[in-house]
There are 2 protein chains.
Amino acid sequence: MADSARQKRYSEASTRLKLLAHPERLQILDTVRRSSQCVCHLEVLLGKPQPYVSQQLRVLREGGLICDEKDGLNTYYCVCDLGVRAWLDTILGPAPTERSHPLAGCSCPKCTAQKPPIEWVLAASL
Amino acid sequence: MADSARQKRYSEASTRLKLLAHPERLQILDTVRRSSQCVCHLEVLLGKPQPYVSQQLRVLREGGLICDEKDGLNTYYCVCDLGVRAWLDTILGPAPTERSHPLAGCSCPKCTAQKPPIEWVLAASL
DNA sequence: ACAATTCATGCAGAATTCTGCATATAAGCA
DNA sequence: TGCTTATATGCAGAATTCTGCATGAATTGT
């Protein structure tokens, strides 16, 4: 490989690594690689204000690490690139295959639809 | 996995990623993962002043990404950790298996010993 | 002991990234 | 249209990282 091609590869890899070298962004990626999630979901998960979360999502989106998919008021983010998945597998270990739970505190349809009141669950188990 | 364990993993991974997110450091790692190399070798390769190279080597060494091995005046660095090798395989692709060449401009025994004058080489091929 | 070579360290100004906040946009609904 | 909800954007001060330089330490050979 030519020297300039190497240089280019190093700087491209380093650009992508910079995006990953951030605990909150890693947690976001680790979450959305399992299943796509909306912003308010991640907001609850990280315990950070919404603008902060959106900011990090933007960084990841513009860096090509995640894709967004809008549905009404909600925007769901996911990891669509297979190369990115491979990096995450190496860095964080393989993604768990179990379904991700709906999250108390997230009000998106995905979370509320699948989350019956605790009384129902208890009643059903009698 | 518990939440605090996750947080710890994210921040540890992010710490290591920060060390990798740097073109010159990536080039150093890519070089020494093939075979151990001395400082002046890397100095020629990167085209950067020696204190700069040593500084980056220190960062990598203190981060546990490389090991040093002293031999007289020279210090040879290499990637000893298998986990680090795996990360590099993912990030930069698998390491080439061919021998690394001695480098013109590097005066360490490793490079000069294996580098006979061009006249010898030509004479031998007659 | 002295000089030469190889490498390490400390430090400071420059450049970049981080992160919190105020505010903007856009969709759905009454 | 006006209100609410969900998300995006712009910006600025704070914190961190980068990088060049001066200098220090250790080893080898004379």
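Everything numeric in this text was worked out from a predicted model, so none of it was measured. Letters go in sequence order (proteins before strands), and every chain restarts at 1.
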With respect to the phosphate group of [N], does any side-chain polar atom (N or O) of [X] fall under 4.0 Å of OP1 or OP2?
X	N	answer
B/Arg61	C/dT9	yes
A/Ser54	D/dA6	no
A/His41	D/dA6	no
A/Tyr52	D/dT7	no
B/Ser107	C/dT6	yes
B/Arg58	C/dC7	no

Measure the distance from [atom1] on [X] to [atom2] on [N] and round it to the nearest whole Å.
X	N	atom1	atom2	answer
B/Leu42	C/dA8	CG	C1'	15 Å
B/Leu46	C/dC7	CG	C1'	15 Å
B/Gln50	D/dT23	CD	P	15 Å
A/Leu20	C/dC18	CG	P	12 Å
B/Ile66	C/dC7	CD1	C1'	13 Å
A/His22	D/dA15	NE2	P	16 Å
A/Leu17	C/dT17	CG	C1'	16 Å
A/Leu57	C/dC18	CG	C1'	16 Å

Hey, is B/Cys67 close enough to B/Cys80 that the SGs sit under 2.5 Å?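 With an SG-SG separation under 2.5 Å, B/Cys80 and B/Cys67 do form a disulfide.
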
Counting only side-chain heavy atoms from C-beta out, which of [options] sits nearest to [X]?
X	options	value
B/Asn74	C/dT17, D/dC18, C/dT6	C/dT6
B/Cys40	D/dT27, C/dT19, C/dC7	C/dC7
B/Lys48	D/dG20, D/dT7, C/dT19	D/dG20

Q: Confirm from the modelled atom types if A/Gln55 and D/dA8 form a donor-acceptor pair under 3.5 Å, side chain to base only.
A: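 No, the side chain and the base share no sub-3.5 Å donor-acceptor pair.
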
Q) Between the main-chain N or O of B/Ala86 and the side-chain N or O of B/Thr90, is there a donor-acceptor pair closer than 3.5 Å? A)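 Yes; judged by distance alone, with no hydrogens or angles, the pair exists.
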
Base, sugar-phosphate alone, or nothing: which one does [X] contact when heavy atoms must sit under 4.0 Å apart?
X	answer
A/Tyr76	nothing
B/Cys38	sugar-phosphate
B/Thr75	sugar-phosphate

_Does this structure show an ion pair linking B/Arg9 with A/Asp30, if we count only N-O contacts that are shorter than 4.0 Å?_
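No.
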
Exercise for review: Examine A/Leu92 and A/Leu17 and state if one hydrophobic cluster contains both, with Ile, Leu, Val, Met, Phe, Trp and Tyr joined whenever side-chain heavy atoms are less than 4.5 Å apart.
Suggested key: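 Per the 4.5 Å side-chain linkage, A/Leu92 and A/Leu17 are co-clustered.
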
- Message: On DNA chain D, compare the nucleotides closest to A/Lys70 and A/Lys18; which residue's is nearer the 5' end?
- Response: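 The 5'-side residue here is A/Lys70.
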
Contact nearer the 5' end of DNA chain D, comparing A/Pro51 with A/Cys108: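 This one resolves to A/Cys108.
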
Original post:
Side chains of A/Tyr76 and A/Lys70: closer than 4.5 Å at any heavy-atom pair?
Top reply: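 Not in contact.
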
### A/Pro49 or A/Asp71, whichever maps to the more 5' nucleotide of DNA chain C
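Nearer the 5' end of the strand: A/Pro49.
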
(message) Can you tell me if A/Glu69 has over 12 outside heavy atoms packed within less than 6.0 Å of its CD?
(response)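 No, CD of A/Glu69 has 12 or fewer neighbouring heavy atoms, counting only those of other groups under 6.0 Å.
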
